[in-house]
Amino acid sequence: MERSTIVRVHEGLHARPATRFVKLAKGFESDVELVKDGKAVSAKSSVKLMLLAVKENQEVTVRANGADAIEAIEALIGYLENPRAGLDDENDGGEAGPETAAAAPAREGGPPAATAVDGTPKLQGVAASEGVAVGPAFAHFPPEIEGPGRRLQADEIEGELKRFRGAVASVQSRMDRTLAENNLSAGDRGIVAALRDIAADDSLTGEVERLIKGGDDAVSAVIAAAATIAADFSAVDDHYLNARADDVHAVGRQICLALLGQDELSLETIPQGAILIADDIGAWDLARAPLKRIGGVVCGHGGATSHIAIIARSHGIPAVLGLGDKINELRTAREVAIDGNAGHVIVDPDEAARADFSRRVEAAAQERAGLKVFKNVTPTRADGTVIEVAANIGSLEEIEAAQKAGAMGVGLFRTELLFMRHMHLPSEEMQAGTYSALAKAFAPHPVIVRTLDIGGDKPIAGIEFPDEENPFLGWRGIRMCLDRPDIFKRQLRALLRAAVHGNIKVMLPMVSEIGEVTRTRALVDECAAELKAEGVPHADFDLGVMIETPAAVLIAPALAKEVAFFSIGTNDLTQYIMAADRLNPTVAKLNDVTNPAVMSAIELTAKAGVAAGIMVGMCGEAAGRPDLIPTFIGMGLTELSMSPASIQRAKKTIAAMAAEQ
Ligand code: PEP
Ligand code: MG
């Protein structure tokens with residue numbers, strides 16, 4: 001017996017909704033399966049359900065076989081169609097999914113940098129949770145667990161299975177105790193609950209038992225099974241699920257420790273303000289750690305969407321993750337300074353660096369406290385024109401930080417992360433889901449999505465970039481997209497589909513001639529016609545351009561007639577106007593937005609946009625600078641988009657300007 005439906009669960013069946021679905025399914029005697037695209041998995045395994053990667057608005061079939069099949073189908077279809085009805089949501093609000101992630105990471109770090117501008121040696125990682133900190137190093141390197149690789153005798157197997165089941169039970173009950181203790185935040189509770197579900201899931205326990213029955217010792221079996229399931233999570237076309245691979249390893253480690261009768265090295269003794277240094281740290285361990293005492297986190301593993309990053313951001317702890325083997329350079333550090341905005345770590349800072357960091361920490365704390373009152377301010381010019389202060393973000397995990405800061409929409413959604421996090425190009429489906437979630441989160445405010453802005457300096461899987469002498473002047477941004485309509489159209493179709501859900505606007509990066517806009521518009525029309533023919537809901541969007549090349553500035557009056565808005569990308573505009581590589585510290589002095597040449601390029605752009613009656617905004621780093629905001633507004637800019645951390649300060653600056661006039 002089976003029935004099909006369209007999934008209405010927000011964001012699809014990721015961690016917690018999968019768990020709820022499983023809980024419902026387990027209440028029935030019947031065998032129950034969920035089927036998507038011809039693939040059927042047991043509805044009683046949350047790991048298998050997550051790996052099916054069911055998204056909101058997709059069609060699925062619930063299949064049941066047994067005495068209570070009718071009731072099972074009724075209940076499960078009911079949940080998929082109306083997930084909030086009739087649930088005993090013990091952990092509601094503790095969602096471990098993308099929607100609860102807090103503050104914003106900056107951008108993925110580049111290759112390890114040896115030396116910074118001032119000569120202080122720095123390590124570069126992923127800027128995973130913003131803020132700066134300096135403090136004593138607390139190295140946490142629990143020894144790696146290795147399976148003995150022992151072959152069991154036939155008469156040992158039953159005993160080994162019992163030992164394994166006992167270990168799982170003790171890990172689960174420890175997690176249950178942690179959940180019951182009631183001193184976890186809602187977000188951390190959701191994360192711990194999701195880990196407990198993995199520990200209890202048949203996918204993991206079933207695979208381990210299979211291996212033990214085949215003669216593997218329990219520890220080796222757990223390590224092998226966790227590695228297999230983690231690899232499955234890594235391969236899914238969904239960055240949230242990719243990050244669950246670390247969770248599976250963490251759960252596997254807990255079960256191994258229980259089997260070995262060992263305790264995890266404790267974080268209980270971490271001193272006040274210390275910087276936690278680890279190769280990897282289980283989200284469960286971090287959630288239970290004395291977080292108030294932790295000044296910062298530095299890890300070899302992890303990325304912007306890992307649970308460690310989510311916990312760090314929601315507790316306002318600066319974090320730099322993904323350092324790789326460089327983490328070993330910190331094993332013997334006495335003191336560490338970290339910059340979670342830039343992804344930098346300084347080992348044993350000298351007197352000057354320490355003083356500099358201490359000053360920044362103190363100043364940031366004082367300022368943060370005073371800025372909160374500006375969160376809900378709608379800043380206006382003296383003539384009453386509203387100035388949109390929006391957020392620059394690069395993933396769904398950053399939505400909450402932007403909203404908490406008081407963002408009036410998104411002025412720049414960098415889509416590169418979506419493409420860089422995967423082993424293959426993201427599907428239209430996945431992109432449509434991501435852009436729709438953004439549109440919904442900020443509606444009725446606008447969300448400006450920038451089409452893929454990538455070049456040979458940041459290659460991604462699935463696109464062959466030629467070797468170039470000068471990748472910054474090469475095949476990148478809109479140039480590459482127009483040459484690869486297969487990739488570009490997938491993104492444009494996803495954006496047209498997402499526009500149904502809110503106020504989506506689209507902007508093109510690296511534009512240097514009008515033909516790039518007209519060719520894009522033709523592709524958009526083509527995509528819209530295809531979607532119409534396929535009967536797929538979609539809506540039109542405003543098309544704008546980034547002004548970040550000198551050519552775009554010089555043709556701004558003509559460009560303004562072709563587009564709905566300008567957004568000035570001062571990061572690239574500065575490097576191209578000044579012919580000074582933005583990544584080259586030797587020419588950092590020239591890379592200065594306040595140079596009169598750059599300021600006059602901004603002014604020319606603003607004049608052209610204002611004369612044509614289109615919106616002129618800015619999304620480069622300069623948009624968040626309080627010393628420059630009055631000048632930009634004076635030039636006619638009405639939208640400024642910046643990192644969430646800068647929003648309240650910018651609102652304050654604009655409010656003060658209006659008050660002075
Ligand atoms: C810019 O160039 O100013 C900009 C916002 O884009 P990115 O920093 O992503 O190149
Ligand atoms: Mg740019």
Side-chain angles (χ1 to χ4, degrees), residues 104-110 126-127 304 341-343 388-395 398 402 407 409-420 447-460 470-481 491 505-512 516 544-553 556 565-584 588 591-595 597-599 601-602 605-606 616-625 628-629 632 637 639-647 650:
R107 309 182 65 181
E108 295 280 348
V126 175
N341 309 320
E388 308 267 352
V389 179
N392 288 355
I393 62 176
S395 68
E398 297 164 61
V410 173
L412 167 62
F413 182 71
R414 291 183 164 104
T415 53
E416 295 76 64
L417 280 189
L418 214 60
F419 284 73
M420 287 160 67
V447 168
I448 302 183
V449 179
R450 177 174 74 185
T451 58
L452 183 60
D453 184 14
I454 209 127
D457 56 318
K458 263 191 221 152
I460 50 175
N470 268 313
F472 273 109
L473 301 179
W475 195 58
R476 57 187 308 115
I478 189 67
R479 304 168 184 182
M480 186 279 289
C481 284
Q491 185 168 40
K505 299 182 186 212
V506 176
M507 75 177 166
L508 311 177
M510 284 293 294
V511 166
S512 51
E516 289 160 341
V545 286
M546 291 193 70
I547 301 289
E548 52 184 351
T549 68
V553 174
F565 64 92
F566 284 164
S567 183
I568 304 172
T570 50
N571 309 340
D572 277 321
L573 186 61
T574 308
Q575 80 162 340
Y576 292 130
I577 292 275
M578 299 305 296
D581 184 342
R582 66 193 257 191
L583 300 179
N584 183 345
N591 206 287
D592 175 9
V593 70
T594 65
N595 185 292
V598 186
M599 291 305 271
I602 296 171
T605 306
V616 183
M618 180 181 284
C619 60
E621 290 302 308
R625 280 182 55 171
L628 300 179
I629 285 174
F632 296 147
L637 272 63
E639 185 245 24
L640 297 167
S641 190
M642 59 201 70
S643 136
S646 304
I647 286 176

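Counting starts at 1 for both ligands and their atoms, following the listed order.
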Does a side chain donor of either N591 or T574 reach within less than 3.5 Å of an acceptor in the other side chain? no
dist I547:CD1 -> I602:CD1 (nearest 0.5 Å) comes out at 11.5 Å
Could you check if a side-chain atom of F566 sits within less than 4.5 angstrom of a side-chain atom of V545, using non-hydrogen atoms only? yes
For the Mg ion (ligand 2), give me the closest N/O/S atom belonging to E548, just the atom name. OE1
Is a side-chain N or O of D592 found less than 3.5 angstrom from the main chain of T594, in a donor-acceptor match? yes
Using modelled atom types and a 3.5 Å cut-off, is there a donor and acceptor pairing between side-chain atoms of S646 and backbone atoms of G624? no
Report yes if some N/O of N571 lies less than 3.5 Å from some N/O of ligand 1; otherwise report no. yes
In ligand 1, the atoms that come under 4.0 Å of a heavy atom of M546 are 4 (C), 5 (C), 6 (O)
For D572, the N, O or S atom at the shortest distance from the Mg ion (ligand 2) is OD2
Polar proximity ligand 1 side, L412 side, N/O cut 3.5 Å exclusive: no
Any idea which atoms of ligand 1 are less than 4.0 Å away from a heavy-atom of E548? 1 (C), 2 (O)
For C619, the ligand 1 atoms with a heavy-atom partner under 4.0 Å come out as 5 (C)
Do you know which two heavy atoms are closest between N571 and R414, and how far apart they sit? ND2-NH2, 3.9 Å
Is it true that E621 lies under 4.0 Å from ligand 1, counting heavy atoms only? no
